[in-house]
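Heads up: the structure comes next, in structure tokens.
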Amino acid sequence: MPELVNETGGTVTGPVRLLLVDDQPLLRVGFRLVLEGEENLVVVGEASNGAEAVRQVTALKPHVVLMDVRMPGMDGIEATRLIAAAHPETRVIILTTFDLDEYAFAGLQAGASAFLLKDVAPEELIHAVHVVASGDAVVAPRVTQRLLETYVRGAGRGHGDGQAPPRDPMLEELTPRETEVLLAMAEGLTNGEIALKFFLSEATVKTHVRRILAKLHLRDRVQAVVYAYETGLVVPSNPDY
């Protein structure tokens with residue numbers, strides 16, 4: 001069985017356990033068919049709303065949750081917030097119908113590790129699940145970056161009011177190299193790409209990432225990217241988005 005090592009030092013041993021959350025049964029069936037065709041993935045449960053998802057995570061302990069955001073009753077944002085707080089070892093992938101979705105942005109703020117479009121290709125879905133389970137990279141980094149730039153600008157941070165937000169004192173805890181790595185993460189670079197950029201080993205990059213997350217009290221690298229935008233460390237670059 002594979003062992004996936006995440007950037008906070010934990011491991012996922014054996015098949016990746018998945019929970020499917022969507023109020024449309026046909027979509028859950030479609031995702032199940034794709035995912036259960038993979039030897040090292042197993043769907044351990046399904047839920048049709050956020051409240052049920054929270055209960056299922058507590059009972060079933062999945063590694064990854066595929067979470068719809070627009071559901072009756074408790075939506076996927078609140079469910080993600082509750083899961084991230086109570087079960088930090090469980091990763092959430094937000095599912096959305098279009099890329100510039102304020103709900104997807106709210107999901108990232110709430111603690112989701114990534115988001116995917118619902119019409120994602122099967123191979124991309126499978127890859128995303130493994131990536132999020134391992135904590136190794138931001139899923140669809142360019143799309144994630146575009147989403148962040150749009151909603152950070154819309155919230156009046158960075159460009160929106162012409163003034164950058166005050167610098168977070170926690171950034172002073174980072175070494176110059178760690179700050180460089182954080183900026184590279186915000187660009188959507190993988191560990192391998194960061195290693196090439198700074199002439200480091202990939203193991204050294206992983207160590208830097210772990211230290212960044214620990215110093216900034218963040219749960220994964222997607223949260224680090226959101227943090228970099230929200231604190232003004234990264235300024236939205238393209239006003240035409």
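Heavy-atom basis, side chains included; hydrogens, waters and symmetry copies ignored. What you see is a predicted model, and the numbers here were worked out from it, not measured in a lab.
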Just checking, any donor-acceptor pair under 3.5 angstrom between side chains of S113 and D220?
yes
Presence of salt bridge, E173 and R211, under 4.0 angstrom:
no
Between D23 and R70, does at least one N-O distance fall below 4.0 Å, as a salt bridge requires?
no
Of all the heavy-atom pairs spanning P62 and Q56, show the shortest one and how long it is.
CD-O, 4.4 Å
Applying the side chain to side chain donor-acceptor pair (under 3.5 Å) criterion to Q109, which one of R81, Q223, E230 satisfies it?
E230
Where do E187 and K197 land on the side-chain contact (heavy atoms from CB on, under 4.5 Å) test, with the steps shown first?
CA-CA 12 Å; E187 292 176 24; K197 180 174 183 175; 3.2 Å; yes
Can you see which heavy atom on A84 is nearest to which on A110, and at what distance?
CB-O, 3.8 Å
Would you call R28-E46 a salt bridge at under 4.0 Å N-O?
yes
Do T204 and S201 have side-chain atoms, one donor and one acceptor, less than 3.5 Å apart?
yes
All heavy atoms of L19 vs all of A53, minimum pair found to be CD2-O, 3.8 Å
Say whether T90 and H63, considering side chains only, have a donor N or O and an acceptor N or O under 3.5 Å apart.
no
Closer than 4.0 angstrom, basic N to acidic O: yes or no for R55 and E52?
no
Please identify which of these residues, L182, V181, L174, meets the side chain to side chain contact (heavy atoms under 4.5 Å, CB included) condition with E178.
L174
Working to the nearest 0.5 angstrom, can you tell me the gap between R221 CZ and N191 CG?
4.5 Å
